[in-house]
Amino acid sequence: MRSPERARLTATLRSLKEHAGLSLTGLGEHTSFSKSSWGRYLKGETLPPREAVRELCRLAGEPEGRCLALWELAESESSGRTARVPPPARPETAPEPQAEPAKEPAKEPAEGPAPGDPAPPRPTPPTAATTAHRRSWRVTVVMVAVLAVTAGGVTAAALLLPPDRTPDDSRGPATTGAGTGATTGPGTGPPSPRCQGGACEGRDPLNMLCGIGLDTLIERRTASGARLQVRYSATCGTSWGRIWNTRVGDRVELTAAGSTRSAEITDALDATAYIYTPMTRTAPGTLVRACFRPAGQTRREECFEATVR
């Protein structure tokens with residue numbers, strides 16, 4: 001059974017994967033770790049190496065401090081370093097020496113031990129209990145760091161979303177034909193996108209921060225039960241498609257102004273998450289066509305159209 005520490009780390013890594021917009025194959029191509037290794041890490045079957053966590057944070061454009069703190073907690077629990085140990089036994093108090101009768105003052109001996117005297121005792125090395133006690137303090141410090149960073153703001157909150165939620169979903173259901181930007185406090189605002197117009201062509205919408213203040217042009221449930229949406233960002237001047245509740249082999253294609261972008265469910269992990277197409281440039285008046293191609297040959301493809309407003 002997975003520990004709460006391992007489950008929390010796994011959920012965070014899955015959210016980072018969605019934020020990066022990469023499949024298991026993409027993670028294998030862009031990191032030092034294989035597709036099969038990432039499959040085990042993201043299912044919580046194996047604790048990922050520290051470097052794997054760092055590389056995923058880099059791909060998702062997220063600070064690595066909080067994730068590494070979560071990894072430290074999970075690793076400490078996995079290795080047993082958080083187990084409680086009894087406190088070290090206190091040394092017995094030696095009995096007070098009995099007063100001796102007064103003697104004639106003797107001559108002061110020369111410095112250093114006299115011949116034949118036993119050597120002074122060496123310092124006692126730390127016991128296993130003492131070492132474990134020190135390590136438990138280290139874990140406590142890490143937990144404090146996690147709480148401190150979690151209280152820091154939007155980034156930490158986004159990482160705590162459930163595995164099947166993405167940053168633009170944290171604001172609630174999308175409203176067709178209306179912006180869904182997040183509400184921010186006084187003096188704050190959503191981050192600026194990393195691209196606009198043609199510079200966004202073929203790029204990931206979440207990694208480019210285009211999933212803020214967007215419209216939903218199309219939202220359909222397909223005959224196979226899969227869900228399909230087409231999103232439009234006026235800020236970035238782009239559209240993209242996404243699907244979920246899917247099966248391995250399902251595919252979505254988005255066509256606008258002659259460009260076609262697609263995404264396919266390649267493994268069981270993809271089938272449990274949102275999968276996005278790359279973005280294509282659109283503007284008010286552009287006709288967007290999305291086609292869902294179910295896996296296998298028993299069902300026909302379903303296509304839907306909408307005009308950017």
Side-chain angles (χ1 to χ4, degrees), residues 14-31 35 38 56 58-62 164-169 174 180 191-220 222 226-246 248-267 269-284 286-295 301-308:
R14 288 170 65 95
S15 294
L16 286 175
K17 171 185 174 293
E18 296 304 320
H19 197 180
L22 293 173
S23 63
L24 288 179
T25 302
L27 288 176
E29 292 173 350
H30 291 83
T31 68
K35 170 183 173 181
W38 278 112
L56 183 53
R58 187 190 72 247
L59 289 174
E62 293 289 345
D164 62 343
R165 301 292 299 275
T166 53
D168 58 299
D169 293 316
T180 56
S192 300
R194 297 176 178 174
C195 66
Q196 286 184 328
C200 296
E201 188 71 38
R203 309 193 71 172
D204 174 72
L206 296 184
N207 197 30
M208 293 295 104
L209 303 182
C210 291
I212 298 176
L214 46 77
D215 293 339
T216 299
L217 303 180
I218 298 172
E219 183 165 6
R220 294 287 188 275
T222 67
R227 302 297 298 272
L228 178 148
Q229 284 183 336
V230 174
R231 306 280 211 170
Y232 168 67
S233 168
T235 305
C236 292
T238 57
S239 295
W240 62 91
R242 72 171 184 173
I243 51 176
W244 68 100
N245 289 349
T246 51
V248 175
D250 287 351
R251 181 181 178 88
V252 60
E253 292 185 351
L254 183 76
T255 303
S259 299
T260 299
R261 301 293 177 183
S262 63
E264 184 172 347
I265 307 302
T266 60
D267 50 49
L269 190 60
D270 283 351
T272 64
Y274 289 111
I275 298 299
Y276 299 79
T277 70
M279 293 185 285
T280 188
R281 184 176 185 177
T282 55
T286 302
L287 178 65
V288 179
R289 178 182 175 87
C291 291
F292 176 77
R293 301 175 184 271
E301 76 171 11
E302 301 175 55
C303 296
F304 312 94
E305 293 184 347
T307 301
V308 178

| Hey, is the main chain of Gly26 close enough, under 3.5 Å, to the side chain of His30 for a donor-acceptor pair? | yes
| task | Sort and list the pairs that fulfil side chain to side chain donor-acceptor pair (under 3.5 Å) and have at least one residue in residues 193-202, not counting sequence neighbours. | result | Arg194-Asn207, Glu201-Arg261, Glu201-Thr280
| Any luck finding a side-chain donor-acceptor pair between Arg227 and Thr246 under 3.5 Å? | no
| task | Give a yes or no on whether the backbone of Ala295 and the side-chain of Asp250 come within a donor-acceptor separation of less than 3.5 Å. | result | yes
| task | Would you give the length of the straight line joining atom CZ of Arg58 to atom CG of Leu16, rounded to the nearest 0.5 angstrom? | result | 12.5 Å
| task | Would you give the length of the straight line joining atom CG of Leu22 to atom CG of Asp204, rounded to the nearest 0.5 angstrom? | result | 7.0 Å
| Pair Arg293 + Glu253, salt bridge at N-O below 4.0 Å | yes
| Trp240 ring centre to Arg242 NZ or CZ under 6.0 Å, with the angle to the axis within 45°? | no
| Do the side-chain sulfurs (SG) of Cys303 and Cys291 come closer than 2.5 Å? | yes
| request: Please assess Thr260 against Thr255 for the test side-chain hydrogen bond (donor to acceptor under 3.5 Å, both in side chains), listing each intermediate value before the final yes or no. | output: CA-CA 4 Å; Thr260 299; Thr255 303; 3.0 Å; yes
| Is there a donor-acceptor pair closer than 3.5 Å between any side-chain N or O of Thr222 and the backbone N or O of Ala226? | yes
| Any side-chain donor-acceptor pair under 3.5 Å between Ser262 and Arg251? | yes
